[in-house]
Amino acid sequence: MKKFVIEGGRPLKGEVTLSGSKNASLPILAATLLAPGEHIIHNVPMLGDVKTMIKILKATGAITKFENHTLVINTKSITNSKVPYELVSTMRASFLIAGALIGRLGEAYVSRPGGCAIGSRPIDGHLKGFEALGVKIEEKHGYINATTKDLKGAEIWLNERSVTGTENILLASVFAKGETRVTNYAKEPHVIDLIKFLNSMGAKIKAQDDSIIIEGVKKLQPKEYTISPDYNEAGTFMIGSAITGGDIFLRDVRWEDSISEIAKLREIGVEVKKDKLGIRVKRKKIIKPCTVKTAPCPGFPTDLQPQITALLTLADGTSIVTETMFEQRFNHIPELRRMGAQIELEERSAIIKGVSELSGAKVMASDIRAGAALVLAGLSAKGVTEISRIYHIDRGYENLETKLSTLGAKIKRV
Ligand code: EPU
């Protein structure tokens, strides 16, 4: 099995161009089912999770060609509404296919996604939303069987501001007769990107402050579209610059998508500057301790919690990081402790007493973002860090070691 070997202690320096957003690509690829014909989607990251979504789309009947970050996908003939366990079990977001199939075929037979390393991740909000739109839901043998003859607009209030829940309801409701209003919706940049794509195909969706209003349309047209930059990857690199005392320039990233992380980095003592071509992140001073609490957008993203936790292990004092979104998203902590970090867990909070340096060790990635946190810790640590199970990291970061190497890191995949 492949692993990363990192010789730490080198500041990241230079300029890097990042990839398109994984979490925008997944719902947008599913959304291509709603408009029969050929779509051309640019800036699609070549990642494990994207490849899984492409396999799922092919299983429904789509024809795809994926080269140089452009996916040409023909969804003219979609005949299969069954998505087997084998395809859904490796990625929670596979369940986005349910909303797209309901919209396209009026039926979906999709395996219920299981729990995962970061928590139980229920789908009750997705299913309640489908039912409100007139979809009959039955569950048997681990499969959700969704059928409808007539999608009708509805008022939907989400108990949790679920990202894929909001996206699934959007996918299922674009053709629903009349108006659908989704309140307490997720406002993450990837949800907004999906709305832009659907509107570019002819949907009538307005995202207001408190709710999304969807005016049902009769059909959509296939489109050429460019996926937005990945703010989770950008945030990871910004924290990488901070943890190594580096000075990097991130090209073609969107400031407005990273506001909460930029605010925290500035509070910690990192210089973050906007430029018309991107963002510069530089740290010369000590790392100040702080408190971080994850929350749905525009709060601090849970997908950057492990990385900022790694950064705060080197702060000059005690920091508190509280994870409010996922009950088990602290799997990186025992691994960071192996590298010399001093962290105590109290329920959903990590109490981090800053140390002067981390030391290289053998550690294991348990999910995408926990793996990224260990890479960042390894880049700053004294000595050699070996990270195993990097297939988790590959699900969400494209060519991470190549991009880091261009910034001067010593990282090898062996
Ligand atoms: N929730 C419910 N019921 C539901 C759905 C969600 O109670 O029906 C709860 C969850 O248990 C959680 C909260 O709502 O406490 C938020 O979960 P959400 O549904 O928003 O998570 P998700 O849609 O499954 C997406 C991202 C995750 C990211 C979360 C939170 C995609 C493909 N995945 O997951 O990304 O952590 O939103 O922002 O967009 C990653 O990229 O590494 C990743 C895990």
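Order of listing sets the numbers, starting from 1, for every ligand and every atom in it. From a predicted model like this one, the values you see are computed outputs, not experimental measurements.
Looking at atom 43 (C) of ligand 1, its nearest protein heavy atom turns out to be Asp303 OD1, 3.4 Å. The protein atom (non-hydrogen) at minimum distance from atom 9 (C) of ligand 1 is Glu160 CG, 3.8 Å. Protein heavy atom closest to atom 34 (O) of ligand 1, with residue, atom name and distance, is Arg121 NH2, 3.1 Å. Scanning the protein heavy atoms around atom 2 (C) of ligand 1, the nearest turns out to be Pro122 CG, 3.5 Å. Residue, atom and distance of the protein heavy atom nearest to atom 3 (N) of ligand 1 are Asp124 OD1, 2.8 Å. The protein atom (non-hydrogen) at minimum distance from atom 42 (O) of ligand 1 is Arg369 NE, 2.8 Å.
Using a 3.5 Å distance cut-off with no hydrogens or angles, the side chains of Ser19 and Lys403 do pair a donor with an acceptor. Side-chain N/O atoms of Ser349 and Thr322 include a donor and acceptor closer than 3.5 Å. A donor-acceptor contact closer than 3.5 angstrom is absent between the side chains of Ser21 and Tyr231. Thr309 and Gln305 share a side-chain donor-acceptor pair at under 3.5 Å.
Side-chain contact between Lys274 and Arg280 is absent, with no heavy atoms from C-beta onward closer than 4.5 Å. At least one side-chain heavy atom of Leu220 sits under 4.5 Å from a side-chain heavy atom of Phe175.
Ligand 1 has an N or O atom lying under 3.5 Å from an N or O atom of Met325, backbone or side chain. Considering backbone and side-chain N/O atoms, Val163 comes within less than 3.5 Å of an N/O atom of ligand 1. For Gly125, a nitrogen or oxygen atom sits less than 3.5 Å from a nitrogen or oxygen atom of ligand 1, counting backbone and side chain alike. Ligand 1 has a nitrogen or oxygen under 3.5 angstrom from a nitrogen or oxygen of Ser162. Taking only nitrogen or oxygen atoms, main chain and side chain alike, Thr302 does not reach within less than 3.5 Å of ligand 1.
Pairs of residues two or more places apart, or lying in two chains, that qualify as salt bridge (Lys or Arg N to Asp or Glu O under 4.0 Å) and include a residue from residues 19-33 are Lys22-Asp49.
For atom 26 (C) of ligand 1, the nearest non-hydrogen atom from the set Thr164, Asn23, Ile368 belongs to Asn23. Around atom 17 (O) of ligand 1, the closest heavy atom drawn from Tyr397, Phe326, Phe95 belongs to Phe326.
For ligand 1, the atoms closer than 4.0 angstrom to any heavy atom of Ile123 are 8 (O). Annotation for ligand 1: atoms under 4.0 Å from non-hydrogen atoms of Ala93 are 32 (C). Within ligand 1, counting atoms from 1 as listed, the ones closer than 4.0 Å to a heavy atom of His126 are 8 (O).
Residue Arg329 touches ligand 1 through its side chain alone, judged by heavy-atom distances below 4.0 Å.
Under the 4.0 angstrom criterion for non-hydrogen atoms, Lys22 is in contact with ligand 1.
Checking side-chain atoms of Thr294 against main-chain N and O of Thr324 turns up a donor-acceptor pair under 3.5 Å. Side chain of Glu179 to main chain of Glu215: no donor-acceptor pair is present (N/O by atom type, distance under 3.5 Å, no hydrogens or angles).
With rounding to the nearest 0.5 Å, the separation of CD1 in Ile205 from CZ in Phe197 is 11.0 Å.
Atom CD of Glu347 sits in a sparse spot, with 12 or fewer heavy atoms from other residues, nucleotides or ligands closer than 6.0 Å.
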